[in-house]
Asks: 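Have a look at the structure that comes next, please.
Order of the sequence lines sets the chain letters (A, B, ...), proteins ahead of strands, with each chain counted from 1.
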Amino acid sequence: MYKTHFTSEVTPELDGKTVFLAGWIHTIRDLGGKKFILLRDRSGLIQVVVSKDSAAYNSVSELTLESTVQVEGIVKSDKRAPSGVEVHALSIKPFSIAKSPLPLEVSGKVESDIETRLKERVLDLRRVEMTSVLNISSEVIRSFRNTLYSKRFIEVFTPKIIASATEGGAQLFPVIYFGREAFLAQSPQLYKELLAGSVERVFEIAPAWRAEESDTPYHLSEFISMDVEMAFADYHDVMELLEDLVTNMIDVVKTHCGKELAELKHELPNITKPFPKISYSEALEILRGKGFTIKFGDDIGTPEARILAEEVGTPFYFLVEWPSFTRPFYTKSIDSNPDLSESFDLMYKWIEIASGSTRNHNRKVLEENLRRKGLNPENFEFFLRWFDYGMPPHAGFGMGFARLMLFFTGLNNVKEAIPFPRDKKRLTP
RNA sequence: GCCGCGGUAGUCUAGCGGCCUAGGAUGAGGGCCUGUCGAGCCCUUGACCCGGGUUCAAAUCCCGGCCGCGGCGCCA
């Protein structure tokens, strides 16, 4: 082992104890007869004091910012130290001396453009703000899993190389599969439905790919989709589930990520259940009242969604019961009014972060819907045939992880919220 | 893809026809300093995205390209 403690575990109670720490050189303040090093690891920073009479003194002169080292030292509780405790170095062993100057300042003295930050991403991820983002990400995922486990969902994995488009619409990335044409999955939709048809309650956290022109702060070519599918349930049931998922995540992040939120200067609002629900038709009325010319069937675009978000006032709200023909073929229509569907979008401000519905479980209706959308039911036989063998009524949704992270971090670009984003122009790092 | 704005040392910025031999911060190199904590002080180092054009004179104005950011569209 290279370290006996993380820097966050060095507390005044350890006074007098010898510890081994390992991490990165965050800053060096050289006062001549004494040098102060801030040593950083994932958990935080600790001050290391190197005095002239220490054996470690000479090795400090070769250290550059972001070099990795092991520090052996004695813990000293001292109110002059930034955190009330510091480590007096006995020896400092360098592992890797970083090149200088750095292409990005990890210490945060000079802020870099997002362009530079994504190019120099590994250094950028060492910044305390980005480490906080990654820690929060992990807690959000953990909470998502725990809530679903507690409701008897199981985690599944669906194929990511598929034969054809699942729902039309989005552009697919082609791949060559043993000489045949295949595509990267744009969504686990059909497979998660089939799984729900076998084991009732499933979820998946996995990448999905869309070869769209989209060039905005809310789109990625490769994104993590948090998918849920539930048998013997309708869209009301899964909206309620979604409310539980989101509010539990907020609780977990508030409880475990206070330090991270402070680092990001971000506060999470109190969110209460249920979230406001606005029907598509109501949304049109609101928008018309605001001077928009918008008719039944028109999409609610970004400028319109911004107005709605302002009207609603709370960060999260549902837009429900969209026109059937604007939704994919597997979306169930409302029996009493087939022009509308049992569907919803969960909005965070003006951004759609989740989208779901009750699904059709009747083969005839599915075939009809496919034809209506100009798709050939024969191409969906791998999916449709299972509807002959006792498909339960079911519902589900997919949620965009990076978009959700905008809420938890206060960031306003999904490319910042995940470590290595893929967009129209970025394929590395 | 369309519209708008922008591209100045490793990083971040000021300058927007001649006061620019391009200013500052941070980094880097050197020096002083035994309690710094965005340490301080002194010295040094390093830049006008690319290609055309206008002009006596271009970082600065015009045109084209590339790249970036924002808005919109497409899409989730």
Asks: Can you find a side-chain donor-acceptor pair between A:Arg327 and A:Ser355 that sits under 3.5 Å?
Replies: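 Indeed, the side chains of A:Arg327 and A:Ser355 share at least one donor-acceptor pair under 3.5 Å.
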Asks: What does B:G18 pair with, Watson-Crick or G-U, if both distances are under 3.5 Å?
Replies: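 Pair assignment: B:G18 / B:C56.
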Asks: Provide the Watson-Crick or G-U wobble partner of B:U34, both distances under 3.5 Å; none if there is no partner.
Replies: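 Looking at the geometry, B:U34 pairs with no nucleotide.
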Asks: Check whether the side chain of A:Glu111 and the base of B:U11 form a donor-acceptor pair under 3.5 Å.
Replies: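 Under the 3.5 Å cut-off, the side chain and the base do not form any donor-acceptor pair.
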Asks: Does the pair A:Asp41/A:Lys3 count as a salt bridge with the N-to-O cut at 4.0 Å?
Replies: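 Between A:Lys3 and A:Asp41 there is a salt bridge, with a charged N closer than 4.0 Å to a carboxylate O.
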Asks: I'd like to know if A:Glu213 reaches the base of B:G73 with its side chain such that a donor and an acceptor end up less than 3.5 angstrom apart.
Replies: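 Answer is no: no donor-acceptor pair is held.
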Asks: Determine the contact category for A:Arg426: base if any of its heavy atoms lies under 4.0 Å from a base atom, sugar-phosphate if only primed atoms, P, OP1 or OP2 are that close, otherwise nothing.
Replies: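 Touches sugar-phosphate only.
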Asks: Looking at A:Glu155, I'd like to know if its CD atom is crowded, meaning that more than 12 non-hydrogen atoms belonging to other residues, nucleotides or ligands lie closer than 6.0 Å.
Replies: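 It does: A:Glu155 CD has more than 12 such atoms within range.
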Asks: Quote, to the nearest angstrom, the P distance that separates B:U11 from B:C50.
Replies: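 About 14 Å, rounded to a whole number of Å.
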Asks: Across all strands, who's sitting opposite B:G1 as a Watson-Crick or G-U wobble pair, both distances under 3.5 Å?
Replies: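 Partner of B:G1: B:C72.
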Asks: So A:Asp113, base contact, sugar-phosphate only, or nothing? Heavy-atom distance under 4.0 Å.
Replies: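 A:Asp113: backbone/sugar contact only, no base atoms under 4.0 Å.
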Asks: If each of A:Ser100 and A:Lys34 is mapped to the nucleotide of RNA chain B with the nearest heavy atom, which maps nearer the 5' terminus, i.e. the 5' end?
Replies: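 Checking each residue's closest nucleotide, the 5'-ward one belongs to A:Ser100.
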Asks: Between A:Arg127 and A:Glu129, is the closest basic N to carboxylate O distance under 4.0 Å?
Replies: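 So A:Glu129 pairs with A:Arg127 through a salt bridge.
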Asks: On a plain distance test, is the side chain of A:Ser214 in donor-acceptor contact with the base of B:C74 below 3.5 Å?
Replies: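 Looking at the base of B:C74, it does pair with a donor or acceptor on the side chain of A:Ser214 (distance under 3.5 Å).
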Asks: Without decimals, in angstroms, what is the distance between A:His26 NE2 and B:G38 P?
Replies: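 Spelled out: NE2 on A:His26 to P on B:G38 is 11 Å.
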Asks: Any side-chain N or O of A:Ser107 less than 4.0 Å from the OP1 or OP2 oxygen of B:U26?
Replies: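 For A:Ser107, the contact criterion (side-chain N or O under 4.0 Å from OP1 or OP2 of B:U26) is not met.
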Asks: Within this structure, what is the CD-to-P distance between A:Glu66 and B:U11, rounded to whole angstrom?
Replies: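 Interatomic distance, CD of A:Glu66 to P of B:U11: 16 Å.
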Asks: Nearest to the side chain of A:Lys424 - B:G1, B:G10, B:C75?
Replies: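 For A:Lys424, the side-chain atoms sit closest to B:G1.
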Asks: Suppose we define a pair by two distances each less than 3.5 Å, Watson-Crick or G-U wobble; what does B:C67 pair with here?
Replies: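 Across all strands, the one nucleotide that pairs with B:C67 is B:G6.
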Asks: Return no unless some side-chain N or O of A:Arg29 is found under 4.0 Å from OP1 or OP2 of B:G38.
Replies: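 No, because none of the side-chain N or O atoms of A:Arg29 sits under 4.0 Å from OP1 or OP2 of B:G38.
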Asks: When you get a sec, tell me which of B:G68, B:C72, B:G27 is the closest nucleotide to the side chain of A:Leu65?
Replies: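 Output: B:G27.
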Asks: For A:Trp322 and A:Tyr280, I'd like to know if the aromatic rings sit close, meaning centre-to-centre distance below 6.0 Å.
Replies: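 Aromatic pair counts; centres sit under 6.0 Å.
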Asks: Could you tell me how far apart A:Leu104 (CG) and B:A9 (P) are, to the nearest whole angstrom?
Replies: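 Spelled out: CG on A:Leu104 to P on B:A9 is 15 Å.
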Asks: Calculate the interatomic distance between A:Asp215 atom CG and B:C67 atom C1'; express it in whole Å.
Replies: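 Checked: the CG to C1' distance equals 12 Å.
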Asks: Expressed in angstrom and rounded to an integer, what is the separation of A:Glu105 atom CD from B:U26 atom C1'?
Replies: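 These atoms are roughly 5 Å apart.
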Asks: Is it true that A:Lys76 and A:Asp15 have a side-chain N and a carboxylate O under 4.0 angstrom from each other?
Replies: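 A:Asp15 and A:Lys76: not salt-bridged.
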Asks: Where each residue is assigned the nucleotide of RNA chain B containing its nearest heavy atom, which of A:Pro101 and A:Val110 is assigned the position nearer the 5′ end?
Replies: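 The answer here is A:Val110.
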Asks: Rounded off to whole Å, could you give me the CD1-to-P distance for the A:Ile114 and B:G6 pair?
Replies: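 In whole Å, B:G6 P and A:Ile114 CD1 are 20 Å from each other.
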Asks: With a 3.5 Å cut-off and heavy atoms only, can you find an N or O donor on one side and an acceptor on the other between the side chain of A:Glu86 and the base of B:G35?
Replies: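 When only heavy-atom distances are counted, A:Glu86 does reach the base of B:G35 through a donor-acceptor pair under 3.5 Å.
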Asks: Within the pair A:Asn412 and B:G70, is there a side-chain N or O less than 4.0 Å away from OP1 or OP2?
Replies: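 No, outside the criterion.
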Asks: Whether the side chain of A:Lys109 and the base of B:G38 hold a donor-acceptor pair under 3.5 Å is what I'd like checked.
Replies: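 No, the side chain and the base share no sub-3.5 Å donor-acceptor pair.
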